[in-house]
Enquirer: 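Before we start, here is the structure in question, set down as structure tokens.
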Amino acid sequence: MCGIMGYIGDRPAAPILLDGLARLEYRGYDSAGVAVAHNGTVAVRKAAGKLARLREMLEREPLPGTVGIGHTRWATHGQPTDTNAHPHTDESGRFVVIHNGIIENFLPLREELAARGHRLRSDTDTEVLAHLIEEEYRGDIVEATRRAVSRAAGAYALVVLCAHEPGRIVAVRMISPLVVGFGEGEMLLASDIPALLPHTRDVLVVEDGELVVLTRDAVRVETLEGRPVARQRLHVTWTAEQAERGGFPHFMLKEIYEQPRALQETLMGRLDGPDSVTLEGVHLDAAFARSLEKVWITACGTAYHAGLVGRYLFERVLRVATEADYAHELRYRDPLVEPGHLVVAISQSGETADTLAAARLCRSRGARVLAVTNVVGSTLSREADDVLYTRAGPEIAVASTKAYLTMLVGQVLLTLHLARLRGALAAEATRHLVEELTLLPRKVQEVLNHPAPVEALAREIACCEHVYFIGRGLDYAVAMEGSLKLKEISYIHSEAMPAGELKHGTLALVTPGTPVVVVLTQRHVYEKTISGLQEVKARGARVIAVAYEDDPEIEKHADRVLRVPRTHDFLSPVVSMVPLQLLAYWVARERGHDIDQPRNLAKSVTVE
Ligand code: M6R
């Protein structure tokens, strides 16, 4: 995710762009830049770091001009550096672009451009667009943009400014959001409505596959093929704060609903075919993969729970002994980590002190460290040998949701990649897994489309003092995360355990009416889990099951059932976790808590 802002009118553009970018900083904040047209040229100022650096730069070297574009970045390709910050230009500096999203085929495009003599300066996927537009320019920036984007694949929003035609701004939406704002004798453009609200409440939401041309007092909307599109403008009544959350009352809910999109991003450009996975920052080769004898997964909190899923996948698919360990435990237990071992360190922020320390320790013992992280340029990503970015976009709520789901899918991709290198999975099994993987965004969306049963259940259990979560295998991993989600924002005491463990002690705490959530998707242990469920039912527990939608048995055993679409059993955590995220959210809301910033917690724990 990145934030995009554009202005064309009679007022100085730079302060308007800066103000808009400040309102969009929640979409990304690792670097920022603006470009302003003036006297036949377009000047660019950009800087890595928070917006404050760009602001200082503009105070020292102001940009006059009343037409401009601005960007706040959440890096996906290339570290957050001054050079990689947007805007990007062609070599002449006449064609200036900013971009949100991913250009999937940027590598072949880069090579083609280089072969034709273009010199690209950054590591970004964005820069190729400026060069393509320059190649395609024959006196009309709209046509040049149209031709350039026809060569780009991916999901993105693109904004273009041309020194030869400073009277218009061209933008294209291909999945990533873009909104036009109507002012008095001025027009604006942004990734999201909050950036527009100080200037106007009249907006037009650009749709996928549309190109817009902004002039001072009008907007023209057309398809990428050039057919005009008639579109009504909307009047928004949101406050700026509501709008920043996309109309959702809390960032957590917004982030839960962003998950289908986030998963698409995680997968984008990485599955070249049924048996080929491309992971851009992962450089493991067949020799390493074949001789691999041990994998260590280390992380904290939600990331650790994602690691429990990874452990299961690595062992089942790769047949490699795998341990998953809390980073704060691993670092102090003198682990038997050796050269040739692979350590997968998982962290949304890439800054969790314990995870960094565990990764450093393992690396110092000769192991190869692979980071699974959401933040490009984070400490973990810089210190690791290999990096798999999850591409969830900025996660603001303390309770992690979309980061978790994308960590799961990231690890499935890693499993497929290693399986191919080791020759560990038959072609047919790979094909089936890949097929199901690509269906996940849609299946998660299906769960999100039917929140009513979860909301009703939340009202029922909001007054309970204890809730237990059980499951076996991958369902146990989900139970762990479901329990953490509930306790951290609802402040209800909850515990998770393997379904087979309950009878060894915790069953003593189950009394009539105690809610017990059972996750029940794994075919090979289904009957066993049902037995555990019967044990709690016999003690009067209120049994809540998370089960596949076509499970014919479950109604007989459970008091409430939360249904999820069937998927490959290895992928079930991706769908079965979603109702539990919603459950935690709605229980916390019912209890009137500060959902995005629960008491005593912080988003990143950068101290031991
Ligand atoms: O940034 P990280 O993934 O390393 O953070 C690890 C934990 O602090 C984090 O997952 C925490 O448990 C979640 N915020 C809980 O929702």
Side-chain angles (χ1 to χ4, degrees), residues 30 74 250-256 258-259 262 266 297-310 324-331 343-360 369-384 387-411 469 477-492 494 496 573 577-578 580-585 587-588 593-608:
D30 61 41
W74 177 257
H250 299 97
F251 276 110
M252 182 183 176
L253 193 62
K254 175 173 184 266
E255 287 159 6
I256 290 173
E258 277 172 357
Q259 290 181 120
T266 310
I297 300 179
T298 193
C300 301
T302 289
Y304 168 73
H305 297 154
L308 293 177
V309 173
D325 224 333
Y326 287 114
H328 36 84
E329 286 293 311
L330 186 73
R331 63 184 288 200
V343 173
V344 179
I346 310 176
S347 171
Q348 187 284 131
S349 59
E351 302 295 346
T352 297
D354 284 314
T355 309
L356 289 174
R360 282 174 193 146
V369 173
L370 186 152
V372 176
T373 182
N374 191 31
V375 181
V376 176
S378 56
T379 307
L380 185 63
S381 75
R382 284 185 272 113
E383 294 186 3
V387 188
L388 197 167
Y389 288 115
T390 55
R391 303 181 183 161
E395 194 177 64
I396 310 292
V398 167
S400 184
T401 54
K402 62 177 182 169
Y404 171 77
L405 250 57
T406 56
M407 284 168 186
L408 300 185
V409 167
Q411 289 178 99
F469 287 75
V478 172
M480 290 286 283
E481 176 59 6
S483 167
L484 175 64
K485 263 330 57 116
L486 184 72
K487 75 178 94 170
E488 71 180 320
I489 56 170
S490 76
Y491 314 150
I492 292 176
S494 89
M577 188 55 217
V578 179
L580 298 182
Q581 294 169 337
L582 287 169
L583 183 66
Y585 173 82
V587 170
H593 292 168
D594 182 346
I595 293 179
D596 284 337
Q597 289 174 336
R599 72 182 176 209
N600 306 341
L601 301 181
K603 182 69 184 157
S604 292
V605 186
T606 53
V607 290
E608 221 192 290

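Bear in mind that the values here come from a model prediction, so they are computed numbers and not experimental data. Numbering of ligands and ligand atoms starts at 1, following listing order.
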Enquirer: Note the single closest protein heavy atom to atom 11 (C) of ligand 1, along with its residue, its atom name and the distance in Å.
Expert: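 Result: Thr302 N, 4.0 Å.
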
Enquirer: List ligand 1 atoms under 4.0 Å from Lys485, heavy atoms only on the residue side.
Expert: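 That gives atoms 15 (C), 16 (O) of ligand 1.
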
Enquirer: Any donor and acceptor pair, going by atom type alone, linking the side chain of Glu383 with main-chain N or O of Arg360 inside 3.5 Å?
Expert: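 Answer holds: no.
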
Enquirer: Considering only the protein, which heavy-atom contact is closest to atom 5 (O) of ligand 1, and what is its distance?
Expert: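 Heavy-atom neighbour on the protein nearest atom 5 (O) of ligand 1: Thr352 OG1, 3.4 Å.
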
Enquirer: Test Leu486 against Val587 for side-chain contact (heavy atoms from CB on, under 4.5 Å), laying out the working first.
Expert: CA-CA 8 Å; Leu486 184 72; Val587 170; 4.0 Å; yes

Enquirer: Any N or O of Val398 that comes nearer than 3.5 Å to an N or O of ligand 1?
Expert: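 Between Val398 and ligand 1 (N or O atoms, distance only) the closest approach is under 3.5 Å.
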
Enquirer: Of all the non-hydrogen atoms in the protein, which one sits nearest to atom 6 (C) of ligand 1, and at what distance?
Expert: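 Result: Cys300 O, 3.4 Å.
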
Enquirer: For Ala399, counting its heavy atoms only, list the atoms of ligand 1 lying under 4.0 Å from any of them.
Expert: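 That gives atoms 16 (O) of ligand 1.
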
Enquirer: Report the part of Glu488 in contact with ligand 1, treating N, CA, C, O as backbone and CB onward as side chain, heavy atoms under 4.0 Å; options are side chain, backbone, both, neither.
Expert: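 Glu488 to ligand 1: side-chain contact only, backbone stays beyond 4.0 Å.
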
Enquirer: Check the side chains of Tyr491 and His593 for a donor-acceptor pair under 3.5 angstrom, ignoring hydrogens and angles.
Expert: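 Distance-only check fails for His593 and Tyr491.
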
Enquirer: What atoms of ligand 1 come within less than 4.0 Å of a heavy atom belonging to Ala303?
Expert: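 Listed by number with element: 3 (O), 10 (O).
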
Enquirer: Regarding Gln259 and Thr401, is there a side-chain donor-to-acceptor distance under 3.5 Å anywhere?
Expert: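 No pair is found: no donor N or O on one side chain lies under 3.5 Å from an acceptor on the other.
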
Enquirer: Tell me which one of Gln597, Arg599, Met252 satisfies side-chain contact (heavy atoms from CB on, under 4.5 Å) with Ile489.
Expert: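 Of the listed residues Gln597, Arg599, Met252, the side-chain contact (heavy atoms from CB on, under 4.5 Å) partner of Ile489 is Met252.
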
Enquirer: Could you verify whether a donor N or O on one side chain and an acceptor N or O on the other, from Thr302 and Lys485, lie under 3.5 Å apart?
Expert: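 Yes, a side-chain donor-acceptor pair sits under 3.5 Å.
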
Enquirer: Between Thr379 and Glu351, do the side chains contain a donor N or O and an acceptor N or O under 3.5 Å apart?
Expert: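 Result is yes, a qualifying pair exists.
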
Enquirer: For His305, is the nearest heavy atom under 4.0 Å from an atom of ligand 1?
Expert: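 Outside the 4.0 Å threshold, so no.
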
Enquirer: Could you check atom 3 (O) of ligand 1 against the protein and tell me its nearest heavy-atom contact, residue, atom and distance included?
Expert: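 For atom 3 (O) of ligand 1, the nearest protein heavy atom is Gln348 N, 2.6 Å.
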
Enquirer: Which one of Glu255, Gln581, Arg391 satisfies the side-chain contact (heavy atoms from CB on, under 4.5 Å) criterion with Lys402?
Expert: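 Among Glu255, Gln581, Arg391, the one that satisfies the side-chain contact (heavy atoms from CB on, under 4.5 Å) with Lys402 is Glu255.
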
Enquirer: Quick one: look up the protein heavy atom nearest atom 8 (O) of ligand 1 and list residue, atom name and how far away it is.
Expert: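 Of the protein heavy atoms, Val605 CG2, 4.1 Å lies nearest.
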
Enquirer: To which protein heavy atom is atom 1 (O) of ligand 1 closest, and what is the distance rounded to 0.1 Å?
Expert: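 Residue, atom and distance for the closest contact: Ser349 OG, 2.6 Å.
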
